[in-house]
Amino acid sequence: MAVTVEVAFGQYGEWVVLQVAGELDLVTSPVLRQRVHDAVADGRHHVVLDLSDVVFCDSSGVGVLIATRRLIRSCQGRLRLILPGRSSEDGSHVDRVLAALGVRRLFDVYPDVTAAVDDEARPLSA
């Protein structure tokens, strides 16, 4: 399954949402990297990556997430991830990978789009 990235039609206030489905690996991660760069080049510096439908993520996928964090921070933007909560059937593969690598704490994680684009919502704990 290849990664599919879509920028939600319209804005959620100042937030743009990239929905990712499939696998984030060596072959597909550059697609996400390019979509993030396109969003930033368009002046969108508040980005939500919806990773709810990512079924596999390897180190190259994690590398793209960390590079995205660095890019967004460099332009004084904000990055939020959406990962299914641990109460969902399996939890999130991406959440488990980030936790295993010790980088989960670097990201503000939210359970859904509604919470991620709400400036009053608090991120889930790591």
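This chain uses plain numbering: 1 for the first residue, then up along the sequence.
- Across all their heavy atoms, Cys75 and Val40 have their closest contact at SG-CG1, 4.1 Å.
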Does the side chain to side chain contact (heavy atoms under 4.5 Å, CB included) test come out yes or no for Val48 and Val113, once each step is laid out?
CA-CA 8 Å; Val48 174; Val113 173; 5.5 Å; no
Verdict with supporting geometry, Val55 and Glu23, side chain to side chain contact (heavy atoms under 4.5 Å, CB included):
CA-CA 6 Å; Val55 296; Glu23 300 179 2; 3.9 Å; yes
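- Remark: Pro123 engages Asp108, Tyr110 in a side chain to side chain contact (heavy atoms under 4.5 Å, CB included) (not counting sequence neighbours).
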Walk me through whether Leu124 and Arg104 qualify under side chain to side chain contact (heavy atoms under 4.5 Å, CB included).
CA-CA 11 Å; Leu124 300 171; Arg104 165 69 167 71; 4.2 Å; yes
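- The side chain to side chain donor-acceptor pair (under 3.5 Å) check on Asp112 picks up nothing, with sequence neighbours excluded.
- Between Cys57 and Val62, the closest side-chain pair of non-hydrogen atoms falls below 4.5 Å.
- Expressed to the nearest 0.5 Å, how far CZ of Phe107 lies from CG of Leu51 amounts to 9.0 Å.
- Nearest approach of Arg44 to Val47, heavy atoms of both residues: O-CG2, 3.8 Å.
- Sorted by first and then second residue, the pairs that involve residues 33-75 and meet ring pair (Phe, Tyr, Trp, His ring centres under 6.0 Å), not counting sequence neighbours, are Trp15-His46, Phe56-His93.
- Under the rule for a side chain to side chain contact (heavy atoms under 4.5 Å, CB included), the partners of Val27 that lie at least two apart in sequence or sit in another chain are Asp25.
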Side chain to side chain contact (heavy atoms under 4.5 Å, CB included) between Asp53 and Val20: does it pass, once the steps are laid out?
CA-CA 6 Å; Asp53 294 324; Val20 185; over 6 Å; no
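- Taken from CG in Leu49 to CG in Leu32, the straight-line distance is 6.0 Å, to the nearest 0.5 Å.
- In terms of modelled atom types and a separation under 3.5 Å, the side chain of Asp58 and the main chain of Gly61 share a donor-acceptor contact.
- For Arg80 and Asp50, the salt-bridge test fails: no basic side-chain N is under 4.0 Å from an acidic carboxylate O.
- Atoms OG and CG, on Ser92 and Leu98 in that order, are 7.5 Å from each other to the nearest 0.5 Å.
- Partner Val36 forms a side-chain contact (heavy atoms from CB on, under 4.5 Å) with one of Leu79, Leu18, Val31, Leu65 and no other, that one being Leu18.
- In this structure Leu26 satisfies the side chain to side chain contact (heavy atoms under 4.5 Å, CB included) test together with Ser60, sequence neighbours excluded.
- Of the possible polar contacts, none joining the Ser29 side chain to the Val64 backbone as a donor-acceptor pair under 3.5 Å is found.
- For residues 63-76, no residue pair satisfies the side-chain hydrogen bond (donor to acceptor under 3.5 Å, both in side chains) rule, not counting sequence neighbours.
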Run Glu14 and Arg78 through salt bridge (Lys or Arg N to Asp or Glu O under 4.0 Å) and show every step you take.
CA-CA 10 Å; Glu14 61 188 345; Arg78 292 183 287 170; 2.4 Å; yes
